[in-house]
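The structure appears below as C-alpha cells.
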Amino acid sequence: MNIFLKSLLLTTLFITSTFAQETVSKKDTVKEVVVNKLEDIEAIEKKRKELAKKEKKRLVVLERAKKIREEKAKAEMLALEKEKKEIEEANEKIEEEKKVEEEKQRQLLFQIDELKKRIESIDVKLKDNILLKRYSNYDAYRKISAELSELKKNIKKVKNKTEEQVYHLNNKVRIKENELELISEYKGSPIGGLINPPEIENYEEITNPFGIINALSYIKKLQNNKKQFSSVEERISELTNLLDEKLFVYLELYNLDTHPDYKDEITFLDKEKKDFNMVLEIVSTTEEVYTRKIEQVILETKSQISNQVEKTFNIALIIIVLFVIAFLIKLALKKYFSQNENYYMTNKVINFFVVFFILMVILFSYIDNVSYLVTILGFASAGIAIALKDWFMSIFGWMVIVTSGSIHVGDRIKVDRGGVEAVGDVLDISLFKITIREDITLTSYTTNRRTGRIFFIPNNYVFSEMIANYTHSGLKTVWDGIDITITFDSNHKKAQHIAKEILKHYSKGYTDITRKQLSKMRNKYQLRATGVEPRVYTFVEPHGIVISSWYLTNSYAALVLRSTMSPEILEAFMKEDDIHIAYPTQQININRTDSAYGPSRKKAPKDLEDEIISR
C-alpha cells in the first residue's frame, strides 16, 4: 500500500513539474496546486496510516482467527485422523478376524476334502471286492427275511380278507421265498459258502506206479485248496483293515461336519465291521483245523508214494537183472554157435522168455486177482470182435510195428493198395495210422506222374496189404537196374563189360556200405544171398539183346545215380563201332542183299534216296 502511495505521489510530482515547465506563467498556480496536493497527500498519507493501522489490526484479528481456525481445523483433523485410525484399526481387526475365520474354514474344507479323498481311495480298493458283494447278498437275505416275516404277520392280522387280497399276499410270500431260496447260501454267513473250506476227498490206496502221478496231483490239489482257503482269510483280514480305516475316516469327517448321511454310514460300517470280525474269527479257527487235516492227509499220501516208489524200484531192479542175465547168456552162447541161424533162433527164444518173465513179475506185483484180468480181457476181446474192429486192428498193428521194429520214422516204404502205389518217407507212426510223404521216385515217373502228396496209411494194413521197406534195419541201399537194348549184331560181351565197369565206378561207395550193413543184419536175420557187387545180365528179347545192369544205390536218391549212369552207359555204347542201340524201327528192302539181317549198311545211292522220298 505504501509503495502504491509513493508511486502515486511521484507521478503527481512528475505531472506537476511537467505542467510547471510548460507554463511558467502559471507558477503560482502550480505552486498552489502543489501545496494543495501536498496537503492532500499528507491527508491521504494520514488517512492511509489510519487505514494501515486498522488494516493491521484487522489482519491481526484475521490472523488470530485464522490461527484459531487452523488450530480448530487441526484439532478436528487430528480427531478425524484419530477416529479414522481407530476405524481402520477396527476394520483391520475385523478383516484379520475374517481372514482367520476364512483360513479356518479353508483348513476345515481342506481336511474334509482330504478325508473324502481317503474315503474315495478306500472305496476304489473295495470296489471289486467279492467279499463285499457277497455281504450285500447277506444283507439282502436279512432284509428279505424281515419282509417275509412282516408279510406273514400281515396275513394273520388282517381279517375279512377277500380272495384277491389273499391271493396277492400269498403271491408276495412266494416271491420272497423264491428270492430267499436263490440266496440261501448266505443264510448264516456274510460271505456265503466261502466260510467253509473245500472238502477233502478220500483218496484210494496207491497200487501201481501210475497211481503216483494221480497221488502227486491229489497232493497238489490239496495244497491249492489250502492256499485258496488261506487266501480267503487274508482277504477277510485285509477287508477288515480297510473297513476299520474307512470307519475311522468317517468318524473324523463327522467330527468336522455333522451331516446325517455320515452318521448313517458310520452305523452301517460299524455293523459291517463287526460281522466281518466275527467271520474272520470263524475262518481263522477253521483254517487252523483244515490245515492240520490237509497236512495229515499229505503225509499219509507221501508215505504211500514212497512205498510205491520203493516197490517200483525193486521191480525195475529185477527187470534190469533179467536183461543182464539174458545179455550174458547171449554173449556166452554166441561163442558156441557157428551158424547164424541157430544163434538167431536162440536169441528169439531168450528174448521171448525175458519178456514173459517181465510180464509175470509186473502181473503178480500189481494185480491182486489174476482171474479178474482174464475175465476183463475176455469181454474186451468180444467187444473188439463186434465193434470198432478197424480201430483196434490199427492199434494192434501199431503194437506190431513198434515191437517188431519193421517200420521206423524216417524209413522209405512202398504201399500197394487197390492198384495205387505210393513210395515215400515215413513222417509219423501214430496209434492209428502211418503218415508218409511221397517223393520223386521211379514209381512217380512210370506210374503216378505226380508226387509230393501226403498219404495216411492205417496201421491194420500190416496184416492185409503189402508194405515194402527200402531202409529196414539200417539198410540204406536198394538194388536198381538200367535196361538198354542193343541190336543182335552188336558185340554184347563188350557191352556187358563196359556196363559193369561203369557200374563199379559209380556204385563202389554204396557197395561197401551195403556190405557192412548186411554183416550187421546177420545177427537178426538169416541171410544167404549177400552179394553186393554190381551185376550185368544179358537177355534176348524180340527186338534185340537187353543189357540189364543192376547196382546198389541210395534208397532215398535212386533216380540221381540212375540219371547219372544211364547217359554214361549210353555214351560209352555209342562210341563203339560194333555196338548199336536197338529201338523199334521199320525197314523196307528195295535192293537185293546177301546180308541175313536186312539191307546193307552202306549208304544208298542218291537217286535211290530221292525215289524213296518221292514214294
Could you walk me through whether E103 and R106 pass salt bridge (Lys or Arg N to Asp or Glu O under 4.0 Å), step by step? CA-CA 5 Å; E103 184 66 25; R106 279 198 300 271; 2.5 Å; yes

Quick check: does any side chain N or O of [X] sit under 3.5 Å from a backbone N or O of [Y], one acting as donor and the other as acceptor?
{"X": "R437", "Y": "G424", "value": "no"}
{"X": "S555", "Y": "Y470", "value": "yes"}
{"X": "D411", "Y": "I413", "value": "no"}
{"X": "N91", "Y": "I87", "value": "yes"}
{"X": "S217", "Y": "I213", "value": "yes"}
{"X": "S121", "Y": "R118", "value": "yes"}
{"X": "T312", "Y": "Q308", "value": "yes"}

If you count every heavy atom of other residues, nucleotides or ligands that lies below 6.0 Å from [X] atom [atom1], does the total exceed 12?
{"X": "F463", "atom1": "CZ", "result": "yes"}
{"X": "I440", "atom1": "CD1", "result": "no"}
{"X": "E96", "atom1": "CD", "result": "no"}
{"X": "K271", "atom1": "NZ", "result": "yes"}

Within the structure provided, determine whether [X] and [Y] are in side-chain contact (heavy-atom separation under 4.5 Å).
{"X": "N241", "Y": "E245", "value": "no"}
{"X": "K246", "Y": "E265", "value": "yes"}
{"X": "I219", "Y": "V297", "value": "no"}
{"X": "F323", "Y": "I358", "value": "yes"}
{"X": "V426", "Y": "T435", "value": "no"}
{"X": "L427", "Y": "I454", "value": "yes"}
{"X": "F432", "Y": "N460", "value": "no"}
{"X": "T291", "Y": "K226", "value": "yes"}

Cationic N near anionic O, under 4.0 Å, [X] to [Y]:
{"X": "E95", "Y": "K98", "result": "no"}
{"X": "D113", "Y": "K117", "result": "no"}
{"X": "D439", "Y": "R412", "result": "yes"}

What verdict does the side-chain contact (heavy atoms from CB on, under 4.5 Å) test give for K263 and Y250, after you've listed the backbone C-alpha separation in whole Å, the side-chain angles of each residue and the deciding distance to 0.1 Å? CA-CA 8 Å; K263 185 176 181 181; Y250 264 108; over 6 Å; no

side-chain contact (heavy atoms from CB on, under 4.5 Å) assessment of N554 paired with V560: CA-CA 9 Å; N554 187 354; V560 176; over 6 Å; no

Nearest atoms (heavy-atom pairs only) where V462 meets N459: CG2-O, 3.1 Å

What pair of heavy atoms forms the shortest contact from A422 to I436, and how long is it? CB-CD1, 4.4 Å

